[in-house]
Amino acid sequence: MDSPYYKPRDQASLGRNSEPTVAADSGTFAVEKDGLNIPLIDFELFHSGDDSQRLETGRRIVNGFQGAGFIYLKNIPIPQWAVQPAFTGSAQFFARPQDQKDTMAWYSAKANRGYVAHGREKVTRADFAGDVDALRKAVPDLKESMEIGRDDDPDCPNMWPDAIDDEGKLFKSTMKDFWKACALLHQDIMKAVALGLGLNADWFDGYIDKGDNTLRLLHYPEVDKSIFQREDGQLQVRAGEHSDYGSLTLLFQDLRGGLQVLSPEGTYVDAKPISGTVVVNAGDLLARWSNDTIQSTKHRVVEPPLQPGQEDLEKYPARYSIAYFCNPDFDKVIETIPNTYKDVW
């Protein structure tokens with residue numbers, strides 16, 4: 001698998017430097033509030049650093065997942081010039097007439113591919129015991145999405161707009177390349193996780209070679225500020241409180257803001273957008289896979305924070321994000337990762 005959007009540095013020199021070194025920014029955090037410490041990690045050191053820097057990068061990633069469930073990565077091998085076409089294509093797709101988008105509608109839970117219209121989905125916690133349909137009607141998530149899986153599965157085809165016009169053809173080509181770039185980044189992050197857990201870098205390779213992952217394009221439309229001022233006491237959100245169910249999520253977000261992460265003190269803390277980074281969080285499966293030594297942390301998307309000079313704002317601009325949900329291959333048997341438990345006889 002390759003992608004023109006994935007440009008790691010040359011690793012030919014790895015292992016030549018025997019001097020002990022540590023990863024740069026070892027004390028840098030993207031978020032520090034209410035006991036929630038989300039590290040900002042330079043991922044270039046995993047590709048271009050020496051062996052000790054690769055190991056230290058892996059340890060910082062694992063420590064971030066163990067402590068917060070979230071990390072930020074900068075200097076990833078997907079450059080900004082490759083991220084921007086994906087956001088441009090996403091915005092153009094969601095600007096299409098509704099009847100065009102509806103022809104590409106999400107069609108089954110097994111496939112998890114296609115367009116999900118505004119108000120169709122209500123994200124909740126796995127332990128939510130209430131009536132989801134009633135909650136969706138009362139407090140709908142303010143978003144629409146497009147789900148894209150690996151494009152070589154004949155039983156679960158993607159829904160593309162390539163038959164509509166040339167813009168649709170470009171959308172298909174762009175998203176296929178971006179999907180592959182994210183799959184390669186997923187593989188590299190799991191190599192770093194393996195090193196951070198004291199395993200060989202290739203330990204996860206056999207579990208993720210197919211790429212049973214989902215690229216989700218998200219559009220949170222422009223809304224009146226007043227919509228968040230409900231009189232019934234319920235919290236209006238753009239995406240409800242939840243944890244992710246897979247192994248990792250890669251989140252590329254614009255600068256609008258609104259993502260919040262649950263802190264150890266039970267408060268929700270803003271995970272501020274940082275240009276040129278990807279937010280990565282561990283999911284429920286990786287938590288289970290690691291014997292709960294890694295945590296899957298709840299998060300949500302809410303009313304975006306006001307910026308200076310926006311006090312009289314009447315409408316919140318649209319927000320766009322791109323999430324890449326990573327999983328082990330669906331045909332793999334998952335057993336507890338070594339080094340996350342002790343044998344007791």
Side-chain angles (χ1 to χ4, degrees), residues 1-15 21-26 30 38-66 69-83 86 150 176-215 244 246-252 276-283 285-286 289-290 294 322-329 332 337 339:
M1 182 191 301
D2 57 13
S3 168
Y5 289 172
Y6 203 72
K7 302 292 183 181
R9 295 287 187 91
D10 181 16
Q11 298 187 47
S13 63
L14 288 180
T21 58
V22 297
D25 301 319
S26 59
I38 303 180
L40 174 62
I41 300 170
D42 188 348
F43 199 59
E44 183 177 322
L45 292 167
F46 184 76
H47 285 286
S48 61
D50 57 43
D51 289 343
S52 61
Q53 288 174 314
R54 283 168 56 83
L55 177 59
E56 181 63 19
T57 302
R59 286 173 175 168
R60 286 208 68 213
I61 289 172
V62 169
N63 288 342
F65 288 153
Q66 290 174 336
F70 275 75
I71 62 173
Y72 284 60
L73 294 181
K74 67 178 184 178
N75 294 326
I76 62 171
I78 306 176
Q80 196 60 36
W81 61 257
V83 176
R150 60 183 177 92
K176 287 178 66 174
D177 283 338
F178 193 71
W179 187 99
K180 291 176 182 176
C182 290
L184 292 168
L185 180 58
H186 169 217
Q187 292 172 3
D188 275 352
I189 294 173
M190 294 309 293
K191 290 180 187 296
V193 169
L195 289 177
L197 291 172
L199 305 170
N200 292 331
D202 61 358
W203 192 88
F204 289 102
D205 287 3
Y207 290 96
I208 57 175
D209 53 355
K210 278 188 179 179
D212 282 324
N213 308 320
T214 299
L215 179 67
D244 294 343
S247 52
L248 295 179
T249 301
L250 316 178
L251 178 67
F252 302 84
T277 68
V278 59
V279 177
V280 186
N281 63 282
L285 189 145
L286 185 58
W289 204 355
S290 68
I294 285 171
I322 299 176
Y324 188 80
F325 296 101
C326 307
N327 306 290
D329 298 337
K332 296 298 189 295
I337 299 170
N339 294 349

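Index from 1, following the sequence. This is a predicted model, so every value here is computed, not measured.
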Quick one: does any side-chain atom of [X] pair with a main-chain N or O of [Y] as donor and acceptor, under 3.5 Å?
X: N200; Y: D202; value: no
X: R60; Y: L40; value: yes
X: S3; Y: D177; value: yes
X: D329; Y: G211; value: yes
X: D244; Y: G246; value: no
X: T214; Y: F325; value: no

Over all heavy atoms of both residues, which pair between [X] and [Y] is shortest? Give the atoms and the distance, please.
X: A282; Y: L248; result: CA-CD2, 4.2 Å
X: T277; Y: Y72; result: OG1-CD2, 3.7 Å
X: V193; Y: V62; result: O-CG2, 3.6 Å
X: A192; Y: I61; result: CB-CD1, 3.7 Å
X: F65; Y: V280; result: CE2-O, 3.6 Å
X: Y6; Y: A181; result: CD1-O, 3.4 Å

With sequence neighbours excluded, residues passing side chain to side chain contact (heavy atoms under 4.5 Å, CB included) with [X]:
X: R150; value: R113, D152, D153, W179, K210, D212
X: N63; value: Q66
X: N327; value: N213, Y245, F330

Item to check | Test side-chain contact (heavy atoms from CB on, under 4.5 Å) applied to L184 and Y5, step by step | outcome: CA-CA 10 Å; L184 292 168; Y5 289 172; over 6 Å; no
Item to check | Residues that W203 engages under ring pair (Phe, Tyr, Trp, His ring centres under 6.0 Å), provided they are two or more places apart | outcome: Y207
Taking side chain as C-beta onward, heavy atoms only, is [X] less than 4.5 Å from [Y]?
X: W289; Y: I294; result: no
X: F46; Y: I41; result: no
X: P77; Y: F43; result: yes
X: F252; Y: C182; result: yes

Checklist entry - For D205, what residues pass the salt bridge (charged side-chain N to carboxylate O under 4.0 Å, His left out) criterion, not counting sequence neighbours? => result K191
Checklist outcome for this item: salt bridge (charged side-chain N to carboxylate O under 4.0 Å, His left out) filter on K180, not counting sequence neighbours, yields none
Roughly how far, to the nearest 0.5 Å, is the [atom2] atom of [Y] from the [atom1] atom of [X]?
X: E44; Y: I76; atom1: CD; atom2: CD1; answer: 12.0 Å
X: D50; Y: L55; atom1: CG; atom2: CG; answer: 10.0 Å
X: S48; Y: R54; atom1: OG; atom2: CZ; answer: 10.0 Å

Next on the checklist: Pair I189, L73 - check side-chain contact (heavy atoms from CB on, under 4.5 Å), show working.
Outcome noted: CA-CA 10 Å; I189 294 173; L73 294 181; 3.8 Å; yes
Checklist entry - Can you list the steps and then say if L185 with Y324 is a side-chain contact (heavy atoms from CB on, under 4.5 Å)? => result CA-CA 10 Å; L185 180 58; Y324 188 80; over 6 Å; no
Item to check | Derivation of the side-chain contact (heavy atoms from CB on, under 4.5 Å) call for C326 and L250 | outcome: CA-CA 8 Å; C326 307; L250 316 178; 4.2 Å; yes
Checklist entry - Going by distance alone, is a donor N or O of one side chain under 3.5 Å from an acceptor N or O of the other, for N75 and H47? => result no
